[in-house]
Amino acid sequence: MRFDGVWFRYARRADWTLREVDATAAPGATVVVLGRNGAGKSTLLQLAAGVLRPGRGVISDRPPTIGWVPERFPAGQPFTAGEYLRRMARIRGVTDPHAVDRWTERLLLTEHTGTRLADLSKGTAQKVGLAQALLLPPGLLVLDEPWEGLDAVARTLIPEIVAEVTAAGGTVLVSDHRGEITALPGAIHWTVSEHGVHASPPPAPDLPTSEPSVSELPESDPPDEVIVEVAVRRSEATQAVAELRAAGHRVLRIEDADVRRTPSPTETTPDREARPTQRESR
Amino acid sequence: MMALVAMRVAGFVRGGRALAPLIAVLVELGVIYGGGPSPAAVAYGYSAAALFPVLAWLTKLLLDTEPDVQRRLARLSVGPAREAVAGVLAATLLSLVVCVAAMAAPWLFHGIDTSTDLGTGIALGVLAHLLAVPPAVAVGALASRAVTGSVRMGLTVLVVAAVLVVVLGLSGSFAPWLVPPVMATARELNDPGVPPAGTLALLTAWAAAWCAVAFLGYGWLRRGRS
């Protein structure tokens, strides 16, 4: 997807919210959109999703299936969560009859399917917003502050889902002002300001790619970190990795190819060990 | 697209906003039929004209019930053209239900004079309502929040259009073609005898042409607004 000289303003005589945006997001890329409050992050995401139309310039090569998770889920509708998702599945032409149930279970919404949207907590409503965006596998997933209001367990699901969408060749755009981006290693950063959008490559890995030991920790590491080796069940490994990252820890190494679903430049994956072992430092 | 139509109708009916226009319809029916039975064509002609502003209001309420963000999600899901058409279809469906109810209601309290030619009267009444529904939906759509952006502007469009339909629709108006032929139809049906087929065809063509322009305008205005 490409932004070519995109300008946007909300009304004809208003100031430009975005000026001269030139940026490209390749298939399989994760883009974290950063910027101060009111810089136009949400506007940029809505332009990317096709919800807003640029005043000048063009946005091209947008994938056909787009999932958009709005910043605030529109909860003022007289439907239960389950009925809303079933109706959205029909509107979006979802042919997989299990799509709604699958995402309901995965996003831990099962006990809320009978709750009216207006009665949902902010975080649960946000999960309904996430579910509707994922009913069809998106070629472009646009997440506007997806962590907002989510509990610790649900927060770990976002990096997992992002990794799945990009692994399938999709592009993910996500805005973040809470510093959760540590959970998305390898993401390109777009910084939105009044001068346009500045793209920067993923931060350079700050750890060696070979297996580090406690004594070989790089000097750049903060001095108050310790290495904790953790063994987790194979079936729970992906979630454990995501949870550890969401909690702000750095996962240094994962010793099993099967669990490496959220790859990062700081990980190595020798296959010789049968038991998954993680190293975590904090 | 029909799933979106169903969702919008359900959202509107369950949300409780339908109550106010429903009360307005009941008041109108009371005024029209309260004075004793009248011939079907005359009564239905006035009924269609009286329903016009209510149906426009109903359309605006229906289109404004859905939160803006949900409308954008629908637009992403089915595309901008289908999203706009789905709203118009949902409003048309509900308006037709209101028309059927408004035409059936007088039979409950003997509001229709059964001594005249009933078949022709009812057929003319159906035509009058069918000529009122699409322009009313068009006015309501043009007054909806997705087009006007603000409550004040939306209400202004709705009220001005409803007043103009009456004022410019009066006989001797200097520009009757600026508004849909709602009043003209009521006048034709009020005259004794069946209006000639040519007149009815002209009224139908007039309404169709007006609606074509209004809906094209709606589509054009919605193009840049999500």
Side-chain angles (χ1 to χ4, degrees), chain A residues 8-12 14 42-43 45-56 62-80 83-94 116-118 125-126 128-133 135-136 138-142 144, chain B residues 1-20 61-90 94 144-154 219-226:
Chain A
F8 181 84
R9 57 183 166 189
Y10 279 95
R12 198 166 292 168
S42 207
T43 306
L45 291 184
Q46 291 185 59
L47 282 164
V51 174
L52 298 175
R53 286 159 50 102
R56 293 183 200 163
R62 192 188 276 127
T65 308
I66 297 167
W68 174 47
V69 181
E71 189 177 2
R72 289 186 199 89
F73 177 75
Q77 301 181 70
F79 304 112
T80 63
E83 185 189 1
Y84 174 80
L85 288 175
R86 283 193 299 277
R87 283 185 181 274
M88 284 305 283
R90 280 199 290 275
I91 288 171
R92 301 198 69 188
V94 175
R116 287 165 55 92
L117 291 178
Q126 187 72 352
V128 176
L130 196 56
Q132 63 77 27
L135 290 171
L136 281 178
L140 170 65
L141 180 62
V142 177
D144 201 344
Chain B
M1 188 173 71
M2 290 320 285
L4 182 55
V5 173
M7 185 171 182
R8 285 179 171 171
V9 170
F12 177 63
V13 172
R14 285 191 216 167
R17 289 198 189 188
L19 191 64
L61 283 178
L62 182 141
L63 295 178
D64 289 355
T65 296
E66 191 175 53
D68 290 345
V69 173
Q70 180 58 35
R71 185 176 65 247
R72 290 173 192 146
L73 283 170
R75 197 173 159 94
L76 269 191
S77 303
V78 299
R82 287 181 182 192
E83 184 273 307
V85 172
V88 168
L89 266 183
L94 273 182
S144 67
R145 193 174 62 236
V147 170
T148 56
S150 71
V151 175
R152 190 190 300 172
M153 191 62 186
W220 186 78
L221 287 170
R222 282 297 315 274
R223 217 169 36 102
R225 297 170 169 86
S226 54

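Letters go in sequence order (proteins before strands), and every chain restarts at 1. Because the structure is predicted, anything quoted here is derived from the model rather than measured.
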(message) Taking B/E66 first and then B/R145, would you say they form a salt bridge - that is, a charged N and a carboxylate O separated by under 4.0 Å?
(response) no
(request) Show your reasoning for whether side-chain contact (heavy atoms from CB on, under 4.5 Å) applies to A/Q77 and B/R14. (result) CA-CA 9 Å; A/Q77 301 181 70; B/R14 285 191 216 167; over 6 Å; no
(request) For chain A, find which of B/A74, B/G16, B/S77 contributes the most heavy-atom pairs closer than 4.5 angstrom. (result)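 Of B/A74, B/G16, B/S77, B/S77 has the most heavy-atom pairs under 4.5 Å with chain A.
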(message) With chain A as the partner, which of B/M7, B/M1, B/R82 has the greatest number of non-hydrogen pairs under 4.5 Å?
(response)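 Heavy-atom pair counts peak at B/M7.
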(request) Specify whether A/Y84 and A/F73 have parallel, tilted or perpendicular ring planes, treating 30° as the upper limit for parallel and 60° as the lower limit for perpendicular. (result) perpendicular
(request) Working to the nearest 0.5 Å, report the span between CZ of A/R92 and CG of B/L4. (result)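 Spacing of CZ (A/R92) from CG (B/L4) equals 12.5 Å.
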(request) With a 4.5 angstrom heavy-atom cut-off, could you sort out which part of A/Q132 is near chain B: side chain, backbone, both or neither? (result)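 Just the side chain, heavy atoms under 4.5 Å.
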(request) Please look at B/A86 and chain A and tell me whether the side chain, the backbone, both or neither of the residue comes under 4.5 angstrom of a heavy atom of that chain. (result) neither
